[in-house]
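Each remark here refers to the structure printed beneath this line.
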Amino acid sequence: MLVARGIDEEARQLQKQGALDLWLSCQGQEAAQVGSALGVGPGPTVFPSYREHAVALLRGVTPAELLAQWAGRTFCGWDPRKLRFFPYTLVLAAQTLHGVGYSVGQRLQGREDFVVVYMGDGATSEGDMSEAMNLAAVESASVLFVCQNNGWAISKPTEEQMRTSVAERARGFGIESAWVSGQDPEAVFSACFRAAAHVRGERAPYVVEIQVGRIHGHSTSDAQEVYRSPEDIARTRAADPVPAYAARLSGLGLVDTAWFDAVDAEVGELRERLMKEYA
Ligand SMILES: Cc1ncc(C[n+]2csc(CCOP(=O)(O)OP(=O)(O)O)c2C)c(N)n1
Ligand SMILES: [Mg+2]
């Protein structure tokens with residue numbers, strides 16, 4: 001979580017300096033991403049949206065590869081086949097159908113078909129998302145949909161997008177689901193571990209909705225202060241899962257200052273390398 005936070009912050013700074021064209025921050029969503037990626041393990045093929053930076057790093061994407069697309073150097077940056085982590089998809093919800101189709105195709109060829117699809121709350125308003133959930137249900141596809149609900153689709157709040165939770169909606173398609181808070185990486189890990197066992201055991205889809213907070217604007221081109229109240233932004237920042245989990249682990253005596261110093265040094269080195277490569 002700390003490495004993802006550091007790299008995300010470096011990318012934001014590089015964008016401000018004009019080295020990147022755009023950056024979509026994952027800050028506030030690290031517990032959801034690390035908990036889910038570790039909960040499902042290294043087995044499944046992942047179809048991300050566009051801000052799953054912590055998941056990408058855990059799947060072996062290097063920080064330099066992660067930034068390449070946003071500097072306009074390549075369409076992707078990493079080798080999707082080697083890492084089984086597909087390119088970021090900016091067409092909302094398109095990856096949900098890609099993921100279901102891929103899973104069914106792999107199954108027909110007698111290969112590993114467990115797929116994890118990431119999407120935001122806003123993406124669930126797309127028709128593709130309903131098609132993907134229905135297709136996954138009727139085909140009994142081995143797809144785990146992970147919805148990071150950060151409460152916003154750019155400036156559109158969730159309450160103006162849906163009348164039920166995404167988890168509840170999944171059941172209308174005949175898909176089992178769970179809702180979990182994205183403040184606690186261990187709770188996310190457990191929910192996704194159980195969901196992965198369901199997908200593997202039942203060979204059936206599953207939806208996990210993770211409630212998260214978006215600390216920064218939608219992208220570096222978005223001033224969220226225009227449409228979000230200062231209190232709302234302050235609440236989200238106060239509930240930041242990264243310092244909260246650091247404090248929890250320290251309190252339990254599982255990590256000490258020397259450990260944090262070592263992580264800081266590692267993050268500093270990674271940031272330095274990114275600066276040299278992109279600034
Ligand atoms: C098909 C489509 N329509 C509209 C957009 C413009 N757009 C980009 S991101 C976004 C909001 C997405 O919100 P959400 O799915 O909640 O993801 P978040 O950015 O909050 O992680 C919109 C409307 C798009 N990229 N693709
Ligand atoms: Mg959102």
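First listed ligand is number 1; within each ligand, the first listed atom is number 1. Please read these numbers as outputs of a predicted model, since none were measured by experiment.
The protein non-hydrogen atom at the shortest distance from atom 21 (O) of ligand 1 is Arg51 NE, 2.8 Å. With hydrogens left out, the protein atom closest to atom 12 (C) of ligand 1 is Tyr50 OH, 3.3 Å, a heavy atom. Given atom 16 (O) of ligand 1, the protein heavy atom at minimum distance is Gly122 N, 2.7 Å.
Within the 6.0 Å centre-distance limit, the rings of His198 and Tyr206 are counted as a close aromatic pair.
In this structure the side chain of Glu30 never reaches within 4.5 angstrom of the side chain of Asp8, judged on heavy atoms. Residues Val100 and Val115 are not in side-chain contact: their nearest non-hydrogen atoms beyond the backbone lie 4.5 Å or more apart. Using a 4.5 Å heavy-atom cutoff, the side chains of Cys147 and Thr124 are in contact. Within the 4.5 Å cutoff, the side chain of Glu9 has no heavy atoms near those of the Val267 side chain.
Distances from the Mg ion (ligand 2) to each N, O or S atom of Asp121 single out OD1 as the nearest.
Of the N or O atoms in Ile154, none lie within a sub-3.5 Å distance of an N or O in ligand 1. Of the polar atoms of Leu92, at least one N or O is found under 3.5 Å from an N or O of ligand 1, judged by distance alone. Polar contact check, Asp121 against ligand 1: a nitrogen or oxygen pair lies under 3.5 Å apart.
When non-hydrogen atoms are compared, ligand 1 lies under 4.0 Å from the backbone of Leu90 (N, CA, C, O) but not from its side chain. Of all the heavy atoms of Asn150, the ones lying under 4.0 Å from any atom of ligand 1 belong exclusively to the side chain. Within the 4.0 Å heavy-atom criterion, the part of Trp152 lying near ligand 1 is the backbone and not the side chain. Neither the backbone nor the side chain of Lys156 has any atom closer than 4.0 Å to an atom of ligand 1 (non-hydrogen atoms only). With a 4.0 Å cut-off on non-hydrogen atoms, Gln148 does not touch ligand 1 at all.
Distance OG1/Thr45 to CZ/Arg81: 12.0 Å, rounded to 0.5 Å.
Here is the list of ligand 1 atoms found below 4.0 Å of a heavy atom in Ala123: 14 (P), 15 (O). For ligand 1 and Ala153, the ligand atoms under 4.0 Å from any heavy atom of the residue are 11 (C), 13 (O), 16 (O). In summary, the atoms of ligand 1 found under 4.0 Å from a heavy atom of Glu126, numbered by their order in the structure, are 1 (C), 2 (C), 3 (N).
Using cut-offs of 30° and 60° on the angle between ring planes, the pair Phe85 and Trp78 is tilted.
Residue His216 comes nearest to Arg237 through the heavy atom pair ND1-NH2, 3.8 Å, listed as atom of the first residue, atom of the second, then distance.
Counting protein heavy atoms under 4.0 angstrom from atom 10 (C) of ligand 1 gives one or more.
Counting heavy-atom neighbours within 6.0 Å of Tyr227 OH, excluding the residue itself, gives a total above 12.
The Mg ion (ligand 2) has no N, O or S atom of Gly151 under 2.8 Å away, backbone or side chain. For residue Asn150, an N/O/S atom approaches the Mg ion (ligand 2) to within less than 2.8 Å.
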Exercise for the section: Check the pair Gln15, Trp70 against side-chain contact (heavy atoms from CB on, under 4.5 Å), reporting the backbone distance first and the verdict last. Expected result: CA-CA 9 Å; Gln15 199 282 333; Trp70 309 99; over 6 Å; no

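Glu10 pairs with exactly one of Lys276, Arg273, Arg271, Lys16 by the salt bridge (Lys or Arg N to Asp or Glu O under 4.0 Å) rule, that one being Arg271.
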